[in-house]
Amino acid sequence: MKSIEIVFIGRANAGKSTLIKELFGFKARIGRRPGITRAPLRYQLEGLAVTDFPGLGFKRDLKGYERLVSETIEHMVKDLDRQIIGVHVIDAVSFMAILQRHAVPLDVEIFEYLLDLDIDPIVAVNKIDKLKVLDETMNTIVSRLGMLPPYKQWTDRVVPISAKRRQVDALRRLLKQRIQNMANVSLSH
Ligand SMILES: Nc1nc2c(ncn2[C@@H]2O[C@H](COP(=O)(O)OP(=O)(O)OP(=O)(O)O)[C@@H](O)[C@H]2O)c(=O)[nH]1
Ligand SMILES: [Mg+2]
């Protein structure tokens, strides 16, 4: 049976390491500044591995983390013994702030990149504890990612979460569902 690899990808400071700690209990360094995770951190569970990637798109990316991340992911995708579940972690507040400046959030590019690699990512919209209007923000985010709002029709793909407030149950359910589907596919081959 193929091994399952859950990869957490997103902009720097989106809350990837906080989320992994909440979901699996692995305690990597977490910080208020972007660029805290400096190398892919891979955690091995039974029949399952979890990788926490360095965040993309922060200004002092002098060490080329973006290349490191893309090379590592592309290597994983090519490995036919692995099945990948991608979790794209988005900082909802920062996404909206970028739109306010009439700029295109890097998350749009990250999402498209993952689709191009045939990873159908789960989009975990994080830091919702900081939002004033949840539904409106979620609808804006999904529509910028190329999905038709309302976001609630994408519940198999998009989930609002707060890693810090430990509101991650919907994501946990989605992950379990994907793992289950993959196990079924492997068995039927
Ligand atoms: N308000 C709020 N803050 C959060 C949430 N999740 C994470 N944070 C904060 O966001 C900051 C960045 O968290 P990290 O988990 O280090 O983010 P990261 O995506 O791993 O960052 P890099 O490793 O730099 O890419 C920390 O100050 C966290 O406490 C959340 O749901 N709500
Ligand atoms: Mg991190």
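Because the structure is predicted, anything quoted here is derived from the model rather than measured. One-based numbering, in listed order, for ligands and for the atoms of each.
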Apex the Mg ion (ligand 2); atoms Thr37 OG1 and Ser17 OG; angle rounded to 10 degrees:
90°

Any side-chain donor-acceptor pair under 3.5 Å between Ser94 and Arg11?
yes

Where does Thr18 meet ligand 1, judged by heavy-atom distances below 4.0 Å: at the side chain, the backbone, both, or neither?
both

Taking everything shown except Gln100 itself, do over 12 heavy atoms lie less than 6.0 Å from its CD?
no

From the options Gly35, Gly15, Ala14, select the one whose nearest heavy atom is closest to atom 24 (O) of ligand 1.
Gly35

Going by the atom numbers of ligand 1, which of them fall below 4.0 Å from some non-hydrogen atom of Pro34?
24 (O)

Do you know the tightest heavy-atom contact between Ile36 and Arg29?
CG2-O, 3.4 Å

Nitrogen or oxygen atoms of Arg29 and ligand 1 under 3.5 Å apart:
no

Taking atom types as modelled, find out whether Ser3 and Gln83 have a side-chain donor-acceptor pair closer than 3.5 angstrom.
no

Which residue supplies the protein heavy atom nearest to atom 25 (O) of ligand 1, what is that atom called, and how far is it?
Lys16 NZ, 2.9 Å

Is there a salt bridge (charged side-chain N to carboxylate O under 4.0 Å, His left out) between Asp156 and Arg178 once you walk through the steps?
CA-CA 9 Å; Asp156 58 341; Arg178 294 252 181 148; over 6 Å; no

Which label fits Phe24 and Phe8: parallel for a plane angle under 30°, tilted from 30 to 60°, or perpendicular past 60°?
perpendicular

Could you list the atoms of ligand 1 found under 4.0 angstrom from a heavy atom of Lys130?
1 (N)

Salt bridge present between Lys164 and Glu22 (N-O < 4.0 angstrom):
no

Residue-level breakdown please: for Asp129 versus ligand 1, do any non-hydrogen atoms fall below 4.0 Å on the side chain, on the backbone, on both, or on neither?
side chain

Among all protein non-hydrogen atoms, which one is nearest to atom 21 (O) of ligand 1, and what is the separation to 0.1 Å?
Asn13 N, 3.0 Å

Please state which protein non-hydrogen atom is closest to atom 6 (N) of ligand 1 and give its distance, to 0.1 Å?
Asn126 ND2, 3.1 Å

Looking only at non-hydrogen atoms, find the nearest pair between Pro40 and Thr72 and report the distance.
CG-OG1, 4.2 Å

Would you check whether Ile161 has a nitrogen or oxygen atom less than 3.5 angstrom from a nitrogen or oxygen atom of ligand 1?
no

N/O separation below 3.5 Å, Lys127 to ligand 1:
yes

Going by the order shown, which atoms of ligand 1 are within less than 4.0 Å of some heavy atom of Gly31?
11 (C), 12 (C), 13 (O), 16 (O), 26 (C), 27 (O)

Work out which heavy atom in Asn126 is nearest to a heavy atom in Ala163; give both atom names and the distance.
OD1-N, 2.9 Å

Taking 4.0 angstrom as the limit and counting only heavy atoms of Arg32, give me the atoms of ligand 1 inside it, by number and element.
27 (O)

Within a reach of under 6.0 Å around CZ of Arg165, are more than 12 heavy atoms found that belong to other residues, nucleotides or ligands?
no

Suppose I only count heavy atoms of Gly55 and a 4.0 Å limit; which atoms of ligand 1 are within that range?
25 (O)

For ligand 1, which is the ligand I care about here, please tell me if Ala163 has any N or O atom under 3.5 Å from one of the ligand's N or O atoms.
yes

